[in-house]
Structures are given as C-alpha cells and as structure tokens.
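Only a predicted model underlies this, so the values are computations on that prediction, with no experimental measurement involved. Values below: all heavy atoms of this structure, side chains included; hydrogens, waters and symmetry mates excluded.
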Amino acid sequence: MKIINKNVVLVALLSSVFTFASSASAESKASGSGPNPYTDCGVGATLFPDTNWAAISSNVIWDLGTTAITSATTSPNTCNGKNVKTALFIRDSYMQLVEEAAIGQGSHLTAALNLMQCGGAHDNAIQAVRSSMGQVIAQPGYQAKGHMEKSADFYNVINTAVISNCSI
Amino acid sequence: MTIRSRSKFLAILLHVLLISLTLNVQSAENAQLENLAHDPQWFKLLHFEKPLVLPGEARSVIHSDDFFLAADGAVNPYSELKALYAEMDTPVTEKDKHVRCRFPARVAFIEKGLKSSSKFDIKNNCPAMYEWTREGAIESISVILATGYLGNPASYYGHTLLKFNEKNKENSSNLLDKTVNYGATSSKGDNPAVYIAKSVLGGYDAGFSNIDFYFHENTYGENENRDLWEYQLNLPPEDLKLVVSHAWEVLSKKYTYYFFRQNCAYRMADILQIIPGLDIVPHFRPYTIPQTIAQKLSDAEFAGQPLLANTIYHPSRQSRFYSKFSQLDASQKTILKRMVLLGVNESDMDFLSLTLESKYKIIDTIIDYYRFSSGDPQSPETKVDPNYYKAIATRYKLPPRKAQETLTPSMSPDKGRPPSWAQIGTISTASNGIASSFRIRPAYYDQLDSDETHVRNAALTMGDTQFSLKNGDLRLHSLDFVRVDSANPGLSGLPSDRNFSWKIRVGAEQGKTGCLNCLIVLGQSDVGMGIQLNKHTFAAAYIGGALQSVHDNQGAAFARVSADVISRFNDELSTKLNVEFRQGIGSISLQKFYRADLRWALTPLLDVRLGYEAMYGSESSQTLQTGLGAYW
C-alpha cells in the first residue's frame with residue numbers, strides 16, 4: 001500500500017508540474033530521464049486496481065487499459081495514445097520483455113518496438129535495449145523496486161533505444 | 001371537352017398515375033423490408049432468441065437501449081428494421097454517431113437485401129469504427145481456446161474468445177491483434193459460492209470487451225499457466241468483414257450471463273454464426289463447453305472448404321518450464337536444483353565449467369521456474385523471488401541466443417473425446433445381489449479418462465447421476481452435483497512445484513457400502529499433497545472431512561485421511577487405487593475403505609470400467625460395479 005500511495009502522490013505532483021510545462025520543455029529533457037507515461041499520464045494510478053478473485057478470472061471483463069488510454073489521450077505528447085499504449089503494454093508484459101531482451105529477440109519486444117513506431121530493422125534497437133537493461137537490472141536495489149518502477153525503467157530504456165536506433 | 005379542360009384532365013391523370021406508381025414502389029419496398037425483417041440473419045443480427053424454459057415470443061437477449069433504434073426494437077424486428085432503414089441516408093451530423101457507423105453489419109444486410117449500395121465515407125464519418133476494422137487490414141479471424149483452470153469455478157471448462165488477425169507486416173506480432181471477449185461484468189466482491197449461484201441463475205450482466213491479445217496471453221499463459229490454442233478460420237472476405245462489423249455492433253452491449261448454456265463459448269459462437277450457414281454450437285444440450293466448439297470448428301466445412309485453416313499452440317509458462325526441465329540431463333538438473341535451493345550463483349564452479357549451451361538451458365529453465373511459480377507480478381500480494389532477477393542478470397551476461405525451442409503438444413483440444421458420458425452396467429453386493437446400473441455424466445472428465453486435453457490426474461464432473469434398478473425398483477444411487485479433484489503434477493519437485501492438491505464434492509451417495517437404499521446428501525472437501533512418481537503414476541495423500549445427512553447412525557459429519565494412486569499405463573488402460581480411514585463425529589467407530597477402479601478404453605468413444613469398494617468397521621461389506629460407457 002505504501003507503494004500505491006507513493007505513486008498516487010507522485011502522479012499528483014508530477015501532473016501539476018506537467019500542467020505548467022510546455023511540450024517543448026518536456027521533449028528537451030535528456031532521453032531516459034522522463035517524463036514518461038507511468039508518472040505523467042496516470043497509468044501508474046491504475047496499476048493496482050481493487051480486484052478480487054472473480055475480477056481476475058477469465059470470464060470477467062477487464063478494461064483498465066482502455067480506461068487509462070481514454071483518460072490519458074487528452075494530454076498531448078507524453079500522454080498521447082501511442083505512449084500510453086506502450087506503457088500499458090510494458091506494464092502487462094514487463095517480465096516477458098526483460099527476458100526477451102536478455103535472449104536477444106522475442107514477440108513482445110517486437111510488439112513494443114512496433115508500438116513505438118520503430119521503423120526498419122529492429123536488430124540495433126534490441127541490441128541497445130539488451131545492453132542498457134543488462135546494466136539496469138544489475139544495479140543494487142533493482143530487485144527491491146516495485147513492478148511499476150521496473151516497468152517505467154524499461155520504458156525509458158526502450159524509448160532511448162528507439163530514439164537512437166529507429167527511423168520513426 | 002375544351003383544350004383547357006382536356007389538359008387539366010391529363011394533368012390529373014398523370015398525377016394519379018404518379019401517386020399510384022409511388023405507392024406501388026413504396027408498397028413493394030415495404031414488402032421487401034418486411035421480408036428482410038423475417039430473414040433468420042436479421043434475427044441473428046438483433047440477437048433474438050426464444051425463451052429457454054418458459055413459453056413466449058422471441059426477443060433480443062441484449063438489453064442495452066442503445067442497441068435499438070425503434071422503441072419496440074427489442075421485441076419487434078420489423079419495427080427495428082424500418083427504423084434503421086429510415087435513418088440510413090440521413091445526413092451526418094456528428095462523427096461516429098450515424099447509424100452506418102453504429103450498425104455497419106445491419107446496414108450491409110439491408111443493402112444486400114435491397115440490392116442497393118452507398119458511397120458513405122466510413123473513414124471520415126466513422127473514425128472509431130474505421131480504426132476498429134484496422135483500416136481493412138484484418139485478414140483472418142481466430143477462435144482462441146484457453147484450457148481449463150481449476151483455480152476458479154468460472155474457468156473450469158476453459159474459455160473462448162475471438163481474435164482478429166491483422167495482415168502480416170514486417171516485424172509484426174500477433175500480440176497486438178484485437179480480441180473480442182465475452183464475460184460477466186458485475187461480479188466484483190462476490191465470493192465463489194455467490195458467484196456460482198448468480199452465474200448459474202442469470203444474476204450477472206455480461207458483455208463483450210475489446211482488448212489486445214497480449215493481455216489474454218499474459219493473463220492465461222503467464223499468470224494462470226493455461227495453454228492457449230488458436231484456431232484460425234478459413235472465411236471468405238465478405239463473411240470476415242461481416243463478423244468484424246457485427247462484433248463492433250455488440251461491443252459493450254449488455255447481455256445476461258449464464259454459466260451453463262449462454263456462456264462465453266456460446267456468445268462467441270453467436271458472433272461467428274452471424275454468417276449464414278455457419279453452425280458451430282452443439283444443439284440439444286443444456287450447456288456449452290468451449291472444447292466442443294473447438295471440435296465443431298475442426299470438423300466443419302464452409303463454402304466448400306474446411307473451416308479450420310490452421311491450429312496454433314501458445315504454450316503456457318508452466319508448459320514451457322516443464323518442457324525445458326524435461327530436456328535437462330541429470331547433471332544439469334543437479335546444478336539447477338542446487339541453484340534453486342541455495343540461490344542463483346553465476347560463480348558456481350560447476351556452472352562455470354559448463355558449455356555455453358548448458359548454461360543457456362539451465363538459466364532459461366530457472367527463469368521459467370520462478371516466473372511459473374510467482375503468479376501475477378502486478379498483484380500487491382505477489383513477491384517475485386530475488387533469484388528470478390539474479391537468473392535474468394546472469395542471462396544478460398551470456399551472449400544473446402536467437403534460437404528458441406518449440407514445444408509440440410501431443411494433442412489439441414479439438415482432437416479430444418466428446419465431453420459427455422453415459423454408462424450401463426451392474427452393481428453387485430453381498431446383501432442385495434445384482435442390480436442394474438444406469439449412469440449419465442453431462443460433463444466432463446474424471447481421473448481415469450482425463451486425456452491430454454484435460455488437467456491430468458484431476459477430475460471435474462457436474463451432474464454425474466447413477467440409478468440402480470432392482471426388481472423393478474428404480475432408485476437414485478449416487479449424484480455428484482459438482483465434484484472437483486485438483487492435482488498439480490509437480491514434475492520438477494522444486495520447492496514451489498510441490499503439488500498442492502485438493503478435492504471438493506457436493507452430492508449424494510449410499511451411506512453404507514453395499515446398500516441400495518441408504519442415500520445420504522453430503523458435502524466434502526480434502527486438501528493434500530501429491531507427487532508424480534514416474535511417467536505413469538501419480539500419488540497423493542489427503543486430510544479432509546464432510547457434512548452429511550444422518551442415516552442409520554452414520555453421523556452428521558466425519559473426518560478422514562485418504563490416499564490415491566493413479567496410474568495411466570497408456571491411452572487405453574488406467575487405474576486408481578484409494579484407501580480411506582474415516583472417523584465419524586460422535587459415536588461412530590473408525591471405518592476403513594479400500595477402493596480400486598479400472599478403465600479400459602475400447603475405442604476413443606467407448607470404455608469398460610470395473611469398480612470395487614470394501615468397507616470395514618462396525619460392519620463390513622463390499623461392492624463390485626461393472627459398466628460399458630459411451631462418450632457423446
């Protein structure tokens with residue numbers, strides 16, 4: 001619960017800041033240092049829904065992702081549909097993505113790069129993700145991070161890799 | 001008649017003719033519309049169904065007002081068709097709101113029936129629907145079957161959904177394909193008992209959601225460890241377009257959820273059966289089991305071609321883990337187990353001395369093991385083992401390896417046997433002689449006949465009913481209203497893979513072995529641990545108890561310990577041995593039960609069974625049952 005509260009506060013604070021920041025200033029930040037949709041678009045706030053045993057069952061509809069996209073698409077740039085959709089995808093596929101980056105290929109990596117509109121061959125971008133994630137995951141304290149923070153880390157890594165290696 | 005009056009007469013005549021012609025055209029058009037309104041496909045588009053139990057007229061099963069244009073559209077198909085027709089060519093006032101945006105399949109049906117067409121600009125007037133169709137890039141439709149999951153009553157029989165497959169492009173991935181998924185929408189907060197009762201009786205609203213395929217792949221394959229089977233259909237382009245359009249019409253519309261018949265499989269098939277001539281829901285059954293839909297798809301032909309174009313297997317994390325584990329040799333397993341028990345250590349001397357290929361195998365298996373045993377990483381309750389990240393970090397230090405193994409299952413669900421079973425046989429007892437036996441089990445499998453398409457060593461039966469007939473006296477002999485035996489295989493024997501097993505049963509049985517007239521009602525449950533002893537044999541021990549109706553001093557409750565040994569020697573022969581020590585609450589003395597069951601499959605659709613039970617305690621008795629069963 002502490003993580004949730006921290007995220008909610010973080011979202012609120014950063015959202016306030018973001019309201020006053022121009023899109024140009026957001027884009028001028030160094031790659032990988034944010035902003036990212038987890039903190040700026042409310043994706044994090046929907047991370048821990050009030051679920052019970054039935055709500056996670058196969059026969060029950062789950063539309064949090066859609067809700068987040070709908071609510072977030074009203075904000076430009078960082079909160080555009082593409083970025084939020086990518087963030088949700090990473091949130092839901094984080095473990096597969098980290099594993100596939102370690103292997104050096106995989107359908108989830110391909111999908112994430114497609115969502116980020118990485119044109120052309122993906123090989124260089126994947127190599128860049130692999131190289132960065134290898135360092136990120138080896139950092140002390142990485143394991144103690146919450147799922148949300150890890151997803152945000154991966155988002156930053158792949159975002160940087162796409163900017164450097166893809167034709168967009 | 002003057003020239004003037006003659007002209008006037010001609011004008012009147014012409015006017016009358018025009019009116020008559022217009023009326024005739026309108027009349028012909030009305031007749032056409034009325035004919036269309038009685039077309040079975042129109043009924044399907046509006047989801048009209050007759051009441052299942054009570055007599056009454058057909059009406060729409062959708063109860064969202066915005067699904068209808070006419071005030072009485074839910075009960076009057078002609079009225080709804082006229083209302084739609086009247087609005088088809090009205091000007092567009094707001095994007096996505098025109099009837100051609102909201103009901104593209106219905107409009108297409110009417111235009112086809114009237115042999116008319118329109119140059120309506122879908123792309124600009126209906127951007128949401130245009131995006132839904134992926135700008136016309138959907139090239140095929142798949143039915144996804146998630147195998148059964150005993151962790152949740154809603155998923156016992158599996159689950160089905162539709163996937164709309166986009167055209168293959170460079171670097172494409174089917175994870176981002178759209179899916180249409182039917183389920184209950186308002187069950188939050190209800191406990192399992194309430195959930196079961198309400199879902200059986202129609203206590204929940206339900207509807208179709210629209211989520212990318214990756215969400216299901218993650219939920220089922222990664223978090224619930226359920227294999228997914230994809231049945232790619234071979235549909236003509238115009239039928240494919242019809243299904244995609246109709247799915248759009250019913251998205252987010254409210255239905256009523258029924259667990260047995262009008263469930264996810266039934267409603268998913270409903271969307272496909274909008275295509276004239278396509279029939280994939282088994283008839284004359286009060287229930288719809290997802291596997292039977294897969295079987296129908298597999299057998300069906302459509303437009304002169306097999307309906308099924310391709311079957312794709314998406315193995316769960318558990319299946320991948322077991323596959324990788326089974327491919328390790330003895331020394332690799334030893335290193336793996338040490339790493340799991342003592343912690344992942346890339347400096348382990350034995351690990352360092354391995355070939356690169358062996359390192360890949362061990363680390364990848366460890367990663368799968370920890371992911372398989374961790375549950376949903378987004379759940380606040382989930383604690384991912386730190387060794388998972390250590391293994392990942394080790395994998396990053398190895399060179400990337402692109403080749404990945406493929407896992408080939410032995411049987412897909414569509415190749416499995418039918419779900420229902422009936423048996424005739426005998427019940428022999430020392431005290432009552434031989435009685436005839438009639439047994440029917442609508443669904444689904446038990447520990448002796450579960451095949452590759454079911455949960456191995458488990459049982460899932462509902463409505464299993466047995467009658468005895470002796471001297472013209474027909475009696476209920478036993479009833480499993482619901483019975484679930486869950487047994488995880490625990491194939492690796494690793495700490496998080498030591499199988500927790502459990503049983504639950506609500507029904508009726510003879511209070512004493514050998515009796516034909518001692519029926520009691522009972523509810524019982526057990527928990528235990530099991531182990532896969534070898535390729536053929538699984539053993540489990542349980543502790544549990546039951547509450548039951550009192551009969552002949554049997555007591556209202558008992559506690560018990562029991563053990564099962566289940567052996568499957570091949571596809572034809574399987575056995576189950578059981579021993580149970582039962583202590584009644586109260587004055588009943590300890591009772592011991594010994595049971596042996598044998599099943600021999602004569603063909604995939606026929607089996608012979610023998611069942612023996614002996615009871616020892618304050619009194620002793622024995623029963624031998626024989627039977628010939630058929631699957632249907």
Side-chain angles (χ1 to χ4, degrees), chain A residues 1 3-4 47-63 65-66 85 88-89 91-96 98-99 101-115 118-122 126-127 130-131 133-135 137-138 142-144 146-148 150-151, chain B residues 146 149 152 154-155 159 171-176 181-185 187-192 195 199 206-212 214-216 218-220 222-224 226 257 263-264 364 367 371 376-380 382 384 386 388-390 392-393 395-402 404:
Chain A
M1 288 303 290
I3 295 171
I4 302 171
L47 185 65
F48 301 115
D50 178 23
T51 57
N52 58 18
W53 74 275
I56 59 170
S57 79
S58 60
N59 284 347
V60 177
I61 286 175
W62 181 297
D63 61 359
T66 309
K85 201 169 178 193
L88 289 166
F89 177 77
R91 183 197 73 179
D92 291 339
S93 312
Y94 160 77
M95 293 174 115
Q96 293 99 310
V98 171
E99 293 169 24
I103 291 166
Q105 71 159 27
S107 57
H108 295 82
L109 267 182
T110 299
L113 290 168
N114 284 342
L115 281 171
C118 175
H122 287 174
I126 290 175
Q127 182 54 43
R130 187 174 197 275
S131 176
M133 274 312 293
Q135 295 169 22
I137 210 164
Y142 180 79
Q143 293 171 21
H147 182 84
M148 177 66 185
K150 290 179 182 138
S151 300
Chain B
Y149 174 55
N152 183 341
S155 306
H159 184 61
N171 295 327
S172 70
S173 163
N174 69 357
L175 292 169
L176 301 177
N181 183 39
Y182 183 81
T185 56
S187 57
K188 222 173 188 179
D190 289 341
N191 64 45
Y195 178 79
S199 62
F208 286 97
S209 67
N210 152 33
I211 306 174
D212 289 354
Y214 76 81
F215 183 88
H216 300 299
N218 187 55
T219 302
Y220 300 131
E222 298 290 304
N223 296 337
E224 296 182 353
R226 301 163 67 177
Y257 185 80
N263 52 23
C264 63
D364 288 351
I367 290 169
R371 179 64 187 95
D376 180 2
Q378 294 189 55
S379 165
T382 298
V384 180
Y388 170 79
Y389 294 105
K390 287 184 183 174
I392 294 275
R395 190 64 169 80
Y396 272 102
K397 290 175 186 170
L398 300 176
R401 183 180 71 164
K402 296 213 168 188
Q404 285 182 307

For the residue pair A:Gln143 and B:Lys390, establish whether any side-chain heavy-atom pair is separated by less than 4.5 Å. yes
Chain A heavy atoms under 4.5 Å from B:Arg371: which part of the residue, side chain, backbone, both or neither? side chain
Can you sort out the partners of B:Tyr388 under ring pair (Phe, Tyr, Trp, His ring centres under 6.0 Å), two or more places apart, ordered by chain and number? none
Nearest 0.5 Å, please: how far is CG in B:Asn218 from NE2 in A:His108? 6.5 Å
Nearest heavy-atom neighbours spanning A:Ile137 and B:Tyr396: CG2-CD1, 4.0 Å
Where on B:Ala393 is there a heavy atom nearer than 4.5 Å to chain A: the side chain, the backbone, both, or neither? both
B:Asp212 versus chain A, the contacting section by heavy-atom distance below 4.5 Å: side chain
Can you label the angle between the A:Phe89 ring and the B:Tyr214 ring as parallel, tilted or perpendicular, going by 30° and 60°? perpendicular
Distance (rounded to the nearest 0.5 Å) between B:Ile392 CD1 and A:Met133 CE: 9.0 Å
Looking only at heavy atoms, which two atoms of B:Pro400 and A:Gly104 are closest? And how far apart? CB-CA, 4.1 Å
Mind checking the CG-CG spacing from A:Asn114 to B:Leu175? Nearest 0.5 Å is all I need. 10.0 Å
Value rounded to 0.5 Å, distance of OH in B:Tyr389 from CE in A:Met95: 4.5 Å
